[in-house]
Number of protein chains: 2
Amino acid sequence: MPSADTPLRALKLVQSNSLPMLVQKEIERMILAGEIAIGEWLNESALSQRFSISRGPVREAFRSLEESGLVRQEKNRGVFVREVSVEEADQIYDLREALDELIGKQVTACATPDQIKVLHALMEEMDNVARADDVSPYYALNLRFHDRLAEFTGNRKLVTIYRRLINELHLFRLRGLSQFGGLRKSTDEHRAMVKAIESKKIEAAGRMFKAHVVASRRRMDKAFGRDKTS
Amino acid sequence: MPSADTPLRALKLVQSNSLPMLVQKEIERMILAGEIAIGEWLNESALSQRFSISRGPVREAFRSLEESGLVRQEKNRGVFVREVSVEEADQIYDLREALDELIGKQVTACATPDQIKVLHALMEEMDNVARADDVSPYYALNLRFHDRLAEFTGNRKLVTIYRRLINELHLFRLRGLSQFGGLRKSTDEHRAMVKAIESKKIEAAGRMFKAHVVASRRRMDKAFGRDKTS
DNA sequence: GGGTTGTCGATTGTTGACGATCGACGATTG
DNA sequence: CAATCGTCGATCGTCAACAATCGACAACCC
């Protein structure tokens, strides 16, 4: 949390963040936090008034958000929070399988002891909330866990793409509000993944990561009451 | 080439394309065609005057272009065509390996005879220009070939991501204008890829596609005079 | 003369206003 | 009474003007 208490920090903040960027981040936060419902219409002037700015920066933020897949724009109608269909979620999972496999391999190849410590710490936290079957914080921690893994590859483009996909999947999950459980199994898989990283077996880690996504997709399918026997 | 000769087409065109979108596409074209140099500064008002519109739509187009990775924005300074570093190109190739492997597998799993025909046609064209060592048209055909393959997966998100990566790689290539040859080897690999698709061997196709990216990266490294012995 | 500081033109950031378009509501007609 | 058409309010698309910021050049001081 970057607090702007000192003038120095405030200066850097003002220099780096433009109005449209700030608006973009705030709207993104609102969408991901569920403050704006899926499919809901985003009123340009209402938002600009809410932020006490004009419509220009809001429109620019909309363009960024559209490109990153969070909203959809209809000409002369406005922008809406995107609704991710089942088919699309499926396609995203296909991508995640490939990307997570890559993440597993790359992290195994280049992870530092410090980074592995971070992973262990996150796993411990997740263990705690999983024991209490506390889905909401578990979900957040899970996101952080996978995000860190993506970061540890050192591949910034990968991180960007990965985050966008996760965001869109989040959009899909928000439709059915069930957080589909399987917390214990998930933690077991995480443990196996980190173990694979520590053992420096690149290919094995890749398979492990991919398997985790596959299992994760299965859990989701189950929660949404559809079987993928094919 | 979508000609707007009939009023019906023009209507659809006007309805779907907004000014910012048009500008975005045009600037994207200019960048990829090399009409604007790498690192070059994009003058907001100059562009708006050139298109006979105001600065608003241009600014919105900039936001989209930034999010898609073609330009970089510096606050109070303007936007510049992004310069893709060697490190970044490397990272993109890592991603391409994973994505192309996925593409190979998925296309093999679901390609229709018609689609395979399209691939054959493209390969034949490439053969012709390769025989003449005509790099420029070969390059364009190669892009189309891979783009079609991505499309044939039916995974729209994959297509979007793939195209962005290809665009950024193109940005990198534009730095050193050498189109790094190896045309014959490239066509051989393409033939092997399509053969794998036709034989319906999913895993083999995946490996073949990945290998093509690896070889392609090697050729680039060579052309840029750096060895990857590590 | 080297370095610093003030000033200026150019460009970006932001705004408020105007015209165009859309969806909804109510009037009209068969 | 139902279906269609016209009108109206709300919202989007676009624009032109204003304010803030930057880089460069020149004047100034030591």
Side-chain angles (χ1 to χ4, degrees), chain A residues 4 7-28 30-31 36-37 39-67 70-83, chain B residues 4 7-28 30-31 36-37 39-67 70-83:
Chain A
L8 255 154
R9 297 252 173 248
L11 192 68
K12 279 284 171 197
L13 234 151
V14 145
Q15 281 178 339
S16 58
N17 294 77
S18 65
L19 224 22
M21 217 184 262
L22 264 324
V23 175
Q24 177 190 355
K25 283 180 185 166
E26 176 59 9
I27 296 180
E28 183 170 331
M30 289 197 292
I31 292 176
I36 312 175
E40 191 175 325
W41 165 58
L42 294 175
N43 188 324
E44 235 178 67
S45 40
L47 278 169
S48 64
Q49 285 177 342
R50 171 171 179 168
F51 299 137
S52 308
I53 57 175
S54 81
R55 282 171 46 216
V58 176
R59 287 179 62 85
E60 290 184 35
F62 281 170
R63 287 284 161 193
S64 294
L65 287 169
E66 167 162 50
E67 207 67 21
L70 281 181
V71 305
R72 147 183 64 90
Q73 234 165 333
E74 288 182 31
K75 190 172 153 70
N76 284 322
R77 296 245 4 250
V79 322
F80 305 82
V81 179
R82 271 203 41 208
E83 1 197 356
Chain B
L8 255 152
R9 297 253 172 245
L11 193 68
K12 279 283 170 199
L13 235 153
V14 147
Q15 280 177 340
S16 59
N17 294 74
S18 65
L19 224 20
M21 218 184 261
L22 265 322
V23 175
Q24 177 190 355
K25 283 181 185 165
E26 175 59 9
I27 296 180
E28 184 170 329
M30 289 197 291
I31 292 176
I36 313 176
E40 191 174 326
W41 165 58
L42 294 176
N43 188 323
E44 235 177 67
S45 39
L47 278 169
S48 63
Q49 285 177 342
R50 170 170 179 170
F51 297 137
S52 307
I53 57 175
S54 83
R55 283 171 45 219
V58 175
R59 286 178 64 83
E60 290 184 33
F62 282 169
R63 289 282 163 197
S64 293
L65 288 168
E66 166 161 53
E67 208 66 20
L70 282 180
V71 305
R72 148 183 65 91
Q73 236 168 328
E74 287 183 31
K75 190 173 151 71
N76 286 321
R77 297 240 7 249
V79 322
F80 304 82
V81 179
R82 270 202 45 207
E83 1 198 357

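Labels below follow one simple rule: chain letters A, B, ... track the order of the sequence lines, proteins then strands, and each chain is numbered from 1.
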Novice: Within less than 4.0 Å of OP1 or OP2 of dT11(D), is there a side-chain N or O belonging to Asn76(A)?
Specialist: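 For Asn76(A), the contact criterion (side-chain N or O under 4.0 Å from OP1 or OP2 of dT11(D)) is not met.
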Novice: Working to the nearest 0.5 Å, report the span between CZ of Arg63(A) and CZ of Arg63(B).
Specialist: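 Taking CZ in Arg63(A) and CZ in Arg63(B), the distance rounds to 12.5 Å.
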Novice: Taking all non-hydrogen atoms of both residues, which atom of Arg55(A) and which atom of Ser48(A) are closest, and how far apart?
Specialist: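 Result for this residue pair: CG-OG, 3.7 Å.
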Novice: Rounding to an integer number of Å, can you tell me how far Gln73(A) CD sits from dT11(D) P?
Specialist: 17 Å
Novice: So, applying side chain to side chain contact (heavy atoms under 4.5 Å, CB included) with Leu70(A), which one of Gln24(A), Glu28(A), Arg82(A) is it?
Specialist: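 Only one of Gln24(A), Glu28(A), Arg82(A) forms a side chain to side chain contact (heavy atoms under 4.5 Å, CB included) with Leu70(A), namely Glu28(A).
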Novice: Of the listed nucleotides (dC22(D), dC12(D), dT12(C)), which one gets closest to any side-chain atom of Glu44(A)?
Specialist: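 Between dC22(D), dC12(D), dT12(C), the one nearest the side chain of Glu44(A) would be dC12(D).
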Novice: Examine dT11(C): is either OP1 or OP2 under 4.0 Å from a nitrogen or oxygen in the side chain of Arg77(B)? Give yes or no.
Specialist: no
Novice: Check nucleotides 14-16 of chain D for protein N or O atoms closer than 3.5 Å to its own N or O atoms and list the pairs.
Specialist:
unit_1  : atom_1 : unit_2   : atom_2 : d
dT14(D) : OP1    : Leu19(B) : N      : 3.3
dC15(D) : OP2    : Ser54(B) : N      : 2.7
dC15(D) : OP2    : Ser54(B) : OG     : 3.2

Novice: Could you state the atom-to-atom distance from CG of Asn17(B) to P of dC12(D) in whole Å?
Specialist: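 Result: 20 Å.
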Novice: Side chain of Glu40(A), backbone of Ala37(A): donor and acceptor closer than 3.5 Å?
Specialist: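 Looks like yes, one N/O pair under 3.5 Å.
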Novice: Round to the nearest Å and state the distance from Asn43(B) atom CG to dG9(C) atom P.
Specialist: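 After rounding, the gap between these two atoms is 18 Å.
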Novice: Taking only side-chain nitrogens and oxygens of Trp41(A), does any of them come within less than 4.0 Å of OP1 or OP2 of dC12(D)?
Specialist: yes
Novice: Between Glu66(B) and Arg72(B), does at least one N-O distance fall below 4.0 Å, as a salt bridge requires?
Specialist: no
Novice: Do Phe80(B) and Val71(B) touch side chain to side chain, with heavy atoms closer than 4.5 Å?
Specialist: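 SC-SC contact between Phe80(B) and Val71(B) ruled out.
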